[in-house]
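In what follows, a single structure is set out as structure tokens and then discussed.
Protein chains get the first letters and strands the later ones, always in sequence-line order, with residue 1 at the start of each.
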Number of protein chains: 2
Amino acid sequence: MATSNILERPFINITNIIWSFDRATNQVNILLVKRDNSPYNQFWALPETFMRLQESADEAALRLVKEKIGMELSNSHTEQLATFTNKLRTPKSRALSLAYMTFLPDKPHLEPGYGAVDAKWFAMGYTDSSYRFSNGLLAFQTSECSNEGDYYDRFAHNESKPETHLAFDHEWILKIACDRIKNKLDYQPNILLVLGASFTLKDARMVYSPFLKTPINQIDNSNFKKSHRHLFTAVGTSADNRPGRPARVYKLAFIGA
Amino acid sequence: MATSNILERPFINITNIIWSFDRATNQVNILLVKRDNSPYNQFWALPETFMRLQESADEAALRLVKEKIGMELSNSHTEQLATFTNKLRTPKSRALSLAYMTFLPDKPHLEPGYGAVDAKWFAMGYTDSSYRFSNGLLAFQTSECSNEGDYYDRFAHNESKPETHLAFDHEWILKIACDRIKNKLDYQPNILLVLGASFTLKDARMVYSPFLKTPINQIDNSNFKKSHRHLFTAVGTSADNRPGRPARVYKLAFIGA
DNA sequence: TCAAAAGTGTTGCAAATACACCCATGG
DNA sequence: CCATGGGTGTATTTGCAACACTTTTGA
């Protein structure tokens, strides 16, 4: 029987799903890094760090953003996702993951060599049964399992490859993340923080689109406005040089309340 | 500057909010224990334990149920609440809390002396701005703060007393718990597991009542049935010896799917 | 056969959807 | 002045809340 000392404690990882929005392609993006250490060497993964003694998990999540992409943010852009503690999630020594999500107000260009071998933005898309994140030929999908037990049972016997699968249980974590964001779309759409301080209704619909698995032009602007009126407050009018009436810009009503 | 060794790791507490339903009083209850060690000696608190290396957090939560009330359960009765990592939450050494909720299928009688000085069931009630848990003259309320920052700011300067306040940040954790359950009432009411394997619509309304802060006879049975039809499946008819038509009994449709 | 408890049905209001129409801007 | 993009208005549909009514049981 294993000795169980109270002072023996598992590792605590902070896993951060960093979201941004690409104004050029009008797509939602997440940051993935290529691991250069064991386990899962050379696999793509969600950014992770160890938690330090003197910081809270939220602070650790923001430190990770600073380390990976050199951006300093207030914690109003970070939210807790969940904690992953399944014994099967790490191959050898036990490690918990405290998962957070950070919404960047814009999509910064990535400097190479910030600790990881490689870091890239992956644009969000979807299939019938999962969400998809791709960059060129690289593409990863969220888990199609609907409950945790099923996922880890299969996961344990799965010999995954770095071209097709993410490290650890990150395909599961990413599924939980997407589901959570989708569920909050109608009452607390923090995901819209990826649009920066203000946005047009069309911007918002472009962000909603992949989560709802609905093309943007199938989301009726009139109805979208009515049903989200209580969440947005108008702050002015956009002034861009293109044909058509300029759109109003809004901000999230519940931020800084 | 503080030394930050990767091997230095914070303590990991499992905090479990254990819910039950009292068939005699028709009230929702939670378990609180009176602490007999420092810090917060002699304060009432949510049941806690240290996480062991070889178990998942869910398993630790169930072990806690076993230790405190001698009941063995499958993990379908346990669900993750959130993780509390604020630096101010413990007075000296840093401790995270992974909070879980367990729904007991009945309300067991408590044997004295299961590790804690005292353990008692507290019946749920409500005020305008909080939820209330009482046992005789003892009564505790959930935090009235609506965001985490506000709570911990006040908490740090608060010299609380064991007659009126719970240990640590447990009034905050309990607030998050009640809010979560309330939010899930219309799409995944796991709280109904406190009613056991099956229940009548009236039973269900009695459980909903404190979370909705609405007296049971103000929850219209006809409308309640219609709006929750998709969550319940009929399994038979109750046979009790009292006047009036026997009620149908239902089970949760989404359990064991 | 009456009271109590539970289930069913009906109506009115309010929110959500589909879609037609009006407005502002650039070329 | 027309094409383009965006905002506004309206009719229809759907869902929810209030409440009256019917059914089943014990005494």
Side-chain angles (χ1 to χ4, degrees), chain A residues 21 23-26 182-189 192 195-196 198-209 211-251 253, chain B residues 21 23-26 182-187 189 192 195-196 198-209 211-253:
Chain A
F21 187 75
R23 289 278 175 190
T25 63
N26 286 329
K182 184 187 172 181
N183 283 330
K184 293 182 85 169
L185 245 30
D186 286 333
Y187 72 97
Q188 202 187 85
L192 292 180
L195 294 170
S198 62
F199 51 86
T200 67
L201 290 183
K202 188 172 189 178
D203 291 339
R205 279 155 50 220
M206 288 191 296
V207 171
Y208 277 51
S209 168
F211 292 98
L212 299 174
K213 298 186 176 183
T214 307
I216 169 131
N217 46 15
Q218 275 184 40
I219 306 174
D220 184 280
N221 192 57
S222 170
N223 298 330
F224 183 82
K225 182 178 184 178
K226 277 177 237 165
S227 51
H228 296 86
R229 199 177 342 118
H230 61 296
L231 298 168
F232 306 153
T233 48
V235 290
T237 303
S238 73
D240 42 10
N241 285 356
R242 49 151 186 66
R245 179 171 173 172
R248 294 217 184 128
V249 294
Y250 299 85
K251 68 181 185 70
Chain B
F21 187 75
R23 288 279 176 189
T25 63
N26 286 328
K182 183 186 173 180
N183 283 330
K184 293 182 85 169
L185 245 29
D186 286 334
Y187 73 97
L192 292 180
L195 294 170
S198 62
F199 50 86
T200 67
L201 290 183
K202 187 173 190 177
D203 291 339
R205 279 156 49 219
M206 288 189 297
V207 171
Y208 277 51
S209 169
F211 292 98
L212 299 174
K213 298 186 176 182
T214 307
I216 168 134
N217 46 15
Q218 276 185 39
I219 305 174
D220 185 279
N221 192 55
S222 169
N223 296 331
F224 183 82
K225 182 178 183 179
K226 279 176 235 164
S227 51
H228 296 86
R229 200 176 342 119
H230 60 296
L231 297 169
F232 306 153
T233 48
V235 290
T237 302
S238 73
D240 43 8
N241 285 356
R242 51 153 185 67
R245 179 171 173 170
R248 294 217 184 127
V249 294
Y250 299 85
K251 67 180 186 71
L252 291 173

Residues touching DNA chain C, which here means a heavy atom under 4.0 Å, drawn from residues 214-223 of chain A: Asp220(A), Ser222(A), Asn223(A)
Taking only residues two or more places apart in sequence, or in another chain, which ones meet Phe224(A) in a ring pair (Phe, Tyr, Trp, His ring centres under 6.0 Å)? Tyr208(A), His228(A)
If you assign Lys225(B) and Ser227(A) each to the DNA chain C nucleotide with the nearest heavy atom, which residue ends up on the more 5' nucleotide? Lys225(B)
Less than 4.5 Å apart, side chain to side chain, heavy atoms only: is that true for Asn221(B) and Arg205(B)? yes
Between atom CZ in Phe224(A) and atom C1' in dA15(C), what is the gap in whole Å? 17 Å
Heavy atoms, side chains only, cut-off 4.5 Å: are Val235(B) and Arg248(B) in contact? no
Ignoring hydrogens and angles, are the base of dT10(C) and the side chain of Lys226(B) linked by a donor-acceptor pair under 3.5 Å? yes
For the pair Lys202(B) and Ile216(B), evaluate side-chain contact (heavy atoms from CB on, under 4.5 Å) and give the outcome as yes or no after the intermediate values. CA-CA 8 Å; Lys202(B) 187 173 190 177; Ile216(B) 168 134; 4.2 Å; yes
With Tyr250(A) via ring pair (Phe, Tyr, Trp, His ring centres under 6.0 Å) - residues at least two apart: none
Please check this pair: side chain of Ser238(B) against backbone of Val249(B), looking for a donor-acceptor N/O pair closer than 3.5 Å. no
In whole angstroms, the gap separating P of dA6(C) from CZ of Phe232(B) amounts to 15 Å
Is there a side-chain polar atom (N or O) of Arg248(B) under 4.0 Å from OP1 or OP2 of dT24(D)? no
Donor-acceptor check, side chain of Ser222(B) to backbone of Asp220(B), threshold 3.5 angstrom: yes or no? no
Rounded to whole Å, CZ of Arg229(B) lies from P of dT8(C) at a distance of 11 Å
Each base of DNA chain D marked ( ) or [ ] if paired in-strand (Watson-Crick or G-U under 3.5 Å), | if paired to another strand and . if unpaired gives |||||||||||||||||||||||||||
Contact between Phe21(A) and Asn26(A) at the side-chain level, heavy atoms closer than 4.5 Å - yes or no? yes
List in chain and number order the residues that pass side-chain contact (heavy atoms from CB on, under 4.5 Å) with Pro243(B), two or more places apart in sequence or in another chain; answer none if no residue qualifies. none
With a 4.5 Å cut-off on side-chain heavy atoms, are Leu195(A) and Arg23(A) touching? yes
Enumerate all atom pairs, one protein N or O and one N or O from nucleotides 25-27 of chain C, separated by less than 3.5 Å.
from: dT25(C); atom 1: O2; to: Gly244(A); atom 2: N; distance (Å): 3.3

Rounded distance (Å) that lies between atom C1' of dG7(C) and atom NE2 of His228(B): 17 Å
Using whole Å, report how far CG of Asp203(B) lies from P of dA5(C). 14 Å
Can you confirm whether Ser227(B) sits close enough to Asp186(B) that some side-chain heavy atom of one is under 4.5 Å from a side-chain heavy atom of the other? no
